[in-house]
Amino acid sequence: MKFEAIAVENIPLIHSGDNLPSIIYENIEFQDRDIVIVASTVVAKAEGEIFRLEDITPGKVALEIATRSGKDARFIQSVLSRSREVLVEKPFMLVTTLAGHTCVNAGVDESNIEDGFLLYPPKNPDASAARLGEELEKLSGKKLSVIVTDTNGRAFKIGQTGAAIGIYKIKPVKHWIGEKDLFGKVLEITEEAIADELAGTANLLMGEGAGGTPVVVIRGLDYYYNENTSIREMYRSEEQDIIKKGLRCLQKKN
Ligand code: GDP
Ligand code: MN
Ligand code: MN
């Protein structure tokens with residue numbers, strides 16, 4: 001068994017309004033069921049999600065959090081503007097974004113953008129993935145999947161990895177429940193986070209710095225192609241999310 005991961009070369013610095021699908025299409029020959037993995041940084045740049053820190057006016061809640069955490073109230077405001085819930089204020093902001101993704105700083109980024117600017121994550125990453133996918137399919141005439149990724153930390157281990165934040169035509173979770181193990185025992189709970197595993201794989205070629213490789217194509221994993229899917233399938237329901245419940249309790253105590 002094997003698959004390929006191919007970094008798409010020659011992607012320029014992306015600016016607001018750039019036609020990202022055609023830039024990608026010009027630099028890779030697609031095959032049917034390629035999985036196109038795109039860093040949210042360049043999706044956000046193309047969508048114009050670029051803001052000047054000095055133009056942001058913090059509201060009441062941002063000022064309150066800033067007093068408690070000692071961070072820049074304007075940055076906190078930018079995080080709040082993309083969050084539906086704050087789970088941790090200090091020593092970092094852990095939030096659930098408007099789209100339902102839980103991560104540090106709502107994915108608001110100060111890296112890989114000019115000084116003094118902030119890059120907000122795409123507002124609706126599923127919609128961004130779909131727009132990219134539909135346009136790339138039109139240009140190439142091939143069936144494609146798309147994953148929009150960001151770099152996220154994990155709760156229990158050191159080190160960040162690529163994580164899926166928006167998807168198009170790919171099965172994000174593989175349910176092993178009901179399948180048998182090597183010894184014929186039926187698996188009862190195992191669900192494999194395919195979209196995050198693919199994001200992590202692509203991130204090996206993207207890196208986090210000046211690599212300039214925000215697009216990676218994964219070829220040879222055709223069986224994850226799946227229409228009508230959403231990143232929402234990956235988020236735990238409120239009822240099941242016991243870590244979030246615990247964090248809310250801690251917030252109340254502090
Ligand atoms: P994030 O994980 O989505 O926040 O993106 P990163 O900032 O970690 O960048 C991922 C990859 O994309 C790295 O290789 C960066 O050098 C690259 N990158 C970021 N912005 C651009 C851009 O505008 N053009 C190109 N060609 N690469 C970029
Ligand atoms: Mn990021
Ligand atoms: Mn990254």
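Counting convention: from 1, in listed order, for ligands and their atoms alike. Residue numbers run from 1 in the order of the sequence given. Scope of the values below: all heavy atoms of this structure, side chains included, with no hydrogens, waters or symmetry mates.
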What protein heavy atom lies closest to atom 10 (C) of ligand 1? Include the residue and the distance to one decimal. G207 O, 3.7 Å
Using a 6.0 Å cut-off, check whether atom CZ of R232 has over 12 heavy atoms from anything other than its own residue. no
Please say whether more than 12 non-hydrogen atoms of neighbouring residues, nucleotides or ligands are located less than 6.0 Å from CZ in R236. no
What are the atoms of ligand 1, with element, lying closer than 4.0 Å to any heavy atom of E208? 8 (O)
Got an N/O contact under 3.5 Å between G209 and ligand 1? yes
Under-4.0 Å heavy-atom contact with ligand 1, by part of V42 that carries it: side chain
Contacting atoms of ligand 1, where contact means under 4.0 angstrom from a heavy atom of T149: 3 (O)
Does any N, O or S atom of N203, backbone or side chain, fall under 2.8 Å from the Mn ion (ligand 3)? no
Restricting to N, O or S atoms of D109, which is nearest to the Mn ion (ligand 2)? OD2
Establish whether V173 and I147 are linked, either directly or via other cluster members, by ILVMFWY side-chain heavy-atom contacts under 4.5 Å. yes
Identify the closest protein heavy atom to atom 14 (O) of ligand 1: which residue and atom is it, and at what distance? M206 O, 2.5 Å
What is the name of the N/O/S atom of D150 that is nearest to the Mn ion (ligand 2)? OD1
Among all protein heavy atoms in this structure, tell me which lies nearest to atom 7 (O) of ligand 1, with the distance rounded to 0.1 Å. N112 ND2, 2.7 Å
Quick one: does T97's side chain have a donor or acceptor within less than 3.5 Å of a partner on H101's backbone? yes
Say whether N203, considering both its backbone and side-chain N or O atoms, lies within less than 3.5 Å of an N or O atom on ligand 1. no
Side-chain heavy-atom pair P12, I23 within 4.5 angstrom cut-off: yes
For E188, look at atom CD and say whether over 12 heavy atoms of other residues, nucleotides or ligands are found less than 6.0 Å away. no
Which atoms from ligand 1 have a heavy atom of I14 less than 4.0 Å away? 22 (C), 23 (O), 24 (N)
Just wondering, more than 12 heavy atoms not from K90 lying within 6.0 Å of its NZ? no
For atom 25 (C) of ligand 1, what's the nearest protein heavy atom and its distance? P12 O, 3.5 Å
Which atoms of ligand 1 are found less than 4.0 Å from any heavy atom of K45? 20 (N), 21 (C), 22 (C), 23 (O)
For atom 26 (N) of ligand 1, grab the closest protein heavy atom and report residue, atom and distance to one decimal in Å. I11 O, 2.7 Å
For D109, atoms of ligand 1 separated by under 4.0 Å from a heavy atom: 4 (O)
Specify the protein heavy atom at minimum distance from atom 18 (N) of ligand 1: its residue, its atom name, and the distance to 0.1 Å. P214 CB, 4.2 Å
Set out, in order, the CA-CA distance, both residues' side-chain angles and the distance that settles side-chain hydrogen bond (donor to acceptor under 3.5 Å, both in side chains) for S230 and D126, then state yes or no. CA-CA 7 Å; S230 163; D126 262 352; 2.7 Å; yes
Please report the C-alpha distance between L221 and I218 in whole Å, then the side-chain angles of each, then the deciding distance to 0.1 Å, and finally whether the side-chain contact (heavy atoms from CB on, under 4.5 Å) criterion is met. CA-CA 7 Å; L221 291 176; I218 296 200; 3.8 Å; yes
Of all the non-hydrogen atoms in the protein, which one sits nearest to atom 1 (P) of ligand 1, and at what distance? T41 OG1, 3.0 Å
More than 12 heavy atoms from other groups under 6.0 Å of CD1 on I189: no
Could you pull out the atom name of the N/O/S atom in E208 that is nearest the Mn ion (ligand 3)? OE1
State if L119 counts as touching ligand 1 under the rule of any non-hydrogen atom under 4.0 Å. no
Run the side-chain hydrogen bond (donor to acceptor under 3.5 Å, both in side chains) test on W176 and E191 for me, step by step, so that the C-alpha distance in whole Å, both residues' side-chain angles and the decisive distance to 0.1 Å come before the verdict. CA-CA 6 Å; W176 287 88; E191 294 175 306; over 6 Å; no
Nearest neighbour in protein (non-hydrogen) for atom 2 (O) of ligand 1: T151 OG1, 2.9 Å
Atoms of ligand 1, numbered as shown, that sit under 4.0 Å from any heavy atom of L13: 22 (C), 23 (O), 24 (N)
Output the list of atoms in ligand 1 that are nearer than 4.0 Å to some heavy atom of A210, sorted by atom number. 16 (O)
Heavy atoms of other groups near K143 NZ, more than 12 under 6.0 Å: no
If you group Ile, Leu, Val, Met, Phe, Trp and Tyr by side-chain heavy-atom gaps below 4.5 Å, do I76 and V86 land in one group? yes
Which heavy atom of V217 sits nearest a heavy atom of I28, and at what distance? CG2-CD1, 4.0 Å
